[in-house]
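Note: hydrogens, waters and symmetry copies are ignored here, and every other heavy atom, side chains too, is used.
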Amino acid sequence: MKGKVKEIELFIEETFNVLSDLTKDKQFVFVFDRHHINSREIRMSKKGIKFSFTTSSQIIKGVQTHKELEFSREEEYLLEGDTKSIFVRGKDIFINNISYSEDGLKILSGIIHSFSTVKKENKTEKLFRRQILPVNSEELKLTDFQGVSHKIISNSTNKEAFSFHIPIKVNKKLFLLYQYKYLNNNYISIDCKNVIEEKEFQKICFNILLGMAFLKGNLYHNEAFLFGYEMEEMKNPLETSYYSMGGSIMTNMPTFTTNIHSIYKEEFDNTQNDVEYEELRKELYKDIYYFSNVCFSNLIELISNEEKIQRAIILYLHGHTSSLEIRLPNYFVAIEAITSYVSKLNMESKKRLNPIKDNKVANEVIASIKQNLKKFVETKNLTSEEFDLNILEKKLNSLNSPPNADKLAESFTLLGFTLSKEQQKILKKRNSYLHGSFVKYIDDDDAFSEVLYIALRVHLLVAILILKSVDFKGYVINYSSLWDYMSNKTIEEKKMVKI
């Protein structure tokens, strides 16, 4: 008989006490004897998603160029406190205002984008790590995922609480993704249960958030606190860092959901009685399952190991919030990036789509055409300005390349998905939408609706490619049907489609 699997215990309280203390107003002394503000008092406070600071400096004689206030980008400056000190790189200190006081000082204020409690050269290379992202009132929709319960231990109250996390295995390391509420604010936490370098940990954390954004529509990426621990129980942080990041992408346009009621709200509202309601519920919830841990791990590992997939998802997310002129090109470039990955993966087994199947024959044809062109130029005595042979030869080198639409369509076949005739037709229009030649729709309502409809169709195609790449089997949201009132199309398809 197999032994009982030990329930995961999380010690979170101590870490959040450290986080809470970091965000309180603080007073430091700037310590760097080669800088003009050495020994000056510097006050730091948390305002929104930034750490702000104010300090002062002596005014030097002459024209005020403020050169003395510049910080060397890679230098680490010590901000020394009574109980805790931090280190800040010059490139993370941004002065955005300089004024003058009545007592002859420059008053400086600005933003500190990142800092650490340990100097870079003294950091421990491999630690157990935790990343915490403040998201205020926002929430990850983790209830759509196959979760595993854990116990939260509080040393101060001797109480236990239960919650759940999503276990994610990436490159043989185990990560836990979960939410936590502290002092009425929501936080996203990612733990690594193996020792890991800080940079690698940050990259995988970003990819976890990116994978979640692909499925649930929102990328939370404003700021993060990173904690490093010597022991796996992760009680008391040995190192703490703060990073202001690139900014969140909030699209509210998920690809996957188990909340079928939110998709078919109108249909549920139109039921006449409880019996009809229950019959509809049973029909629509049939074969609706949580997103599996294995599939989510496959997705995050794919994003982490394949730059093309990562880039495709970033384009995909930005496309959701962009105008149609940008959205459609984003989606098509995303498809091309995924196609490149799929083609490389299936190089040996894939069918050749080139017009001339035999490479040797193709090279002979191209060489023959080049030779005839060269003879033609010599016979007609044409100059390079009249007949640029070099450009033509370069174009001839790609003479046997398959059409772009065929390459895009092939990737679906390789992943075991059969495109409809309409989907094939849309892919063949790739050039029109990729190069912006459809912008005529701007002043035409019908044309606008048509392009919106195409965008929603391509949105689904991107999702299919990525999900089929990680062996997903299940239902995804079909926005061309869900939003048919926006495109003025009558769509004879379900709002959730199985792939």
Side-chain angles (χ1 to χ4, degrees), residues 15-60 63-123 131-136 182-183 185 187 198 202 220-228 237-248:
T15 300
F16 272 92
N17 289 339
V18 173
L19 187 153
S20 178
D21 181 65
L22 278 174
T23 58
K24 293 176 181 176
D25 292 356
K26 288 206 168 28
Q27 183 173 309
F28 298 101
V29 173
F30 190 94
V31 179
F32 195 82
D33 58 10
R34 300 195 307 275
H35 198 277
H36 186 66
I37 64 170
N38 181 49
S39 300
R40 304 297 299 187
E41 180 185 283
I42 181 167
R43 296 178 180 272
M44 192 168 79
S45 61
K46 184 77 161 55
K47 294 182 179 178
I49 59 172
K50 303 287 184 184
F51 276 92
S52 301
F53 74 89
T54 57
T55 187
S56 62
S57 72
Q58 295 287 343
I59 299 174
I60 61 175
V63 177
Q64 298 303 302
T65 62
H66 310 309
K67 285 283 187 182
E68 77 281 7
L69 301 176
E70 292 179 354
F71 299 92
S72 177
R73 285 182 57 80
E74 296 304 322
E75 194 68 68
E76 281 189 288
Y77 300 94
L78 171 63
L79 274 60
E80 190 174 64
D82 291 335
T83 58
K84 184 168 291 185
S85 300
I86 60 173
F87 295 87
V88 187
R89 292 176 302 177
K91 64 182 179 182
D92 293 318
I93 304 173
F94 178 67
I95 297 174
N96 57 25
N97 187 66
I98 300 174
S99 59
Y100 296 88
S101 68
E102 293 181 356
D103 53 350
L105 294 174
K106 286 182 182 179
I107 306 300
L108 321 174
S109 60
I111 303 293
I112 291 177
H113 293 289
S114 73
F115 60 81
S116 177
T117 57
V118 179
K119 198 170 184 178
K120 184 177 180 180
E121 64 189 40
N122 296 329
K123 284 189 173 185
Q131 175 175 283
I132 297 178
L133 294 89
V135 292
N136 300 320
Y182 180 79
L183 300 178
N185 287 316
Y187 296 85
E198 186 179 38
Q202 285 180 282
Y220 298 96
H221 201 243
N222 284 327
E223 58 177 341
F225 294 86
L226 267 66
F227 302 90
L238 179 69
E239 300 175 0
T240 303
S241 300
Y242 169 83
Y243 295 93
S244 176
M245 300 186 294
S248 297

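Looking only at atom types and distance, the side chain of E41 has a donor-acceptor partner in the side chain of Q27 under 3.5 Å away.
Nearest heavy-atom pair across F53 and I111 is CE2-N, 3.4 Å. Nearest heavy-atom pair, N38 versus F32, reported as atom, atom and distance to 0.1 Å: OD1-N, 2.8 Å. In terms of heavy atoms, S52 sits closest to K47 at OG-CD, 3.7 Å. Across every non-hydrogen atom of G90 and F71, the tightest pair is CA-CB, 3.8 Å. Counting all heavy atoms, side chain and backbone alike, S57 lies closest to I37 at CB-CG2, 3.6 Å.
In this structure, L226 CG and Y243 OH are separated by 6.0 Å, a value rounded to the nearest 0.5 Å. We find the OG1-CD1 distance between T54 and I95 to be 11.5 Å, quoted to the nearest 0.5 Å. Atoms OG and CG, on S20 and N185 in that order, are 10.0 Å from each other to the nearest 0.5 Å. Note that OG1 of T23 and CE of M44 are 10.0 Å apart. Values are rounded to the nearest 0.5 Å. Atom-to-atom distance recorded for E121:CD and F87:CZ is 8.5 Å, nearest 0.5 angstrom. We find the CD1-CG distance between I59 and L105 to be 6.5 Å, quoted to the nearest 0.5 Å.
Residues L183 and F16 fail the side-chain proximity criterion, which asks for heavy atoms closer than 4.5 Å. Between Y242 and I112 there is no side-chain heavy-atom pair separated by less than 4.5 Å. Inter-residue side-chain proximity for N222 and L133 is flagged as unmet; no heavy-atom pair is nearer than 4.5 Å. Inter-residue side-chain proximity for F28 and V88 is flagged as unmet; no heavy-atom pair is nearer than 4.5 Å. Counting heavy atoms from C-beta on, the side chains of K106 and H66 come closer than 4.5 Å. You'll find the side chain of S244 reaches within 4.5 Å of the side chain of K50, heavy atoms only. Contact check for E70 versus H36: no side-chain heavy atoms found under the 4.5 Å cut-off. The closest side-chain heavy-atom distance from F30 to L79 is below 4.5 Å.
Between the R40 side chain and the S56 main chain, a donor and an acceptor come within less than 3.5 Å of each other. Although no hydrogens or angles enter the test, the distance criterion places no donor-acceptor pair under 3.5 Å between the side chain of D25 and the main chain of S45. The main-chain N or O of D21 is found under 3.5 Å from a side-chain atom of K26 such that the two form a donor-acceptor pair. Without hydrogens or angle criteria, T117 side chain to I86 main chain gives no donor-acceptor distance under 3.5 Å. The backbone N or O of G48 sits less than 3.5 Å from a side-chain atom of K46, completing a donor-acceptor pair. Q64 contributes a side-chain N or O that, together with a main-chain N or O of I60, makes up a donor-acceptor pair within less than 3.5 Å.
Remark: E198 engages K123 in a salt bridge, criterion side-chain N to carboxylate O under 4.0 Å.
The side-chain hydrogen bond (donor to acceptor under 3.5 Å, both in side chains) pairs that include a residue from residues 77-89 are R89-D92, where partners are two or more places apart or lie in different chains.
The one candidate from K120, R34, K119 that meets the salt bridge (charged side-chain N to carboxylate O under 4.0 Å, His left out) condition with E75 is R34.
F225 and Y187 have their aromatic ring centers separated by at least 6.0 angstrom.
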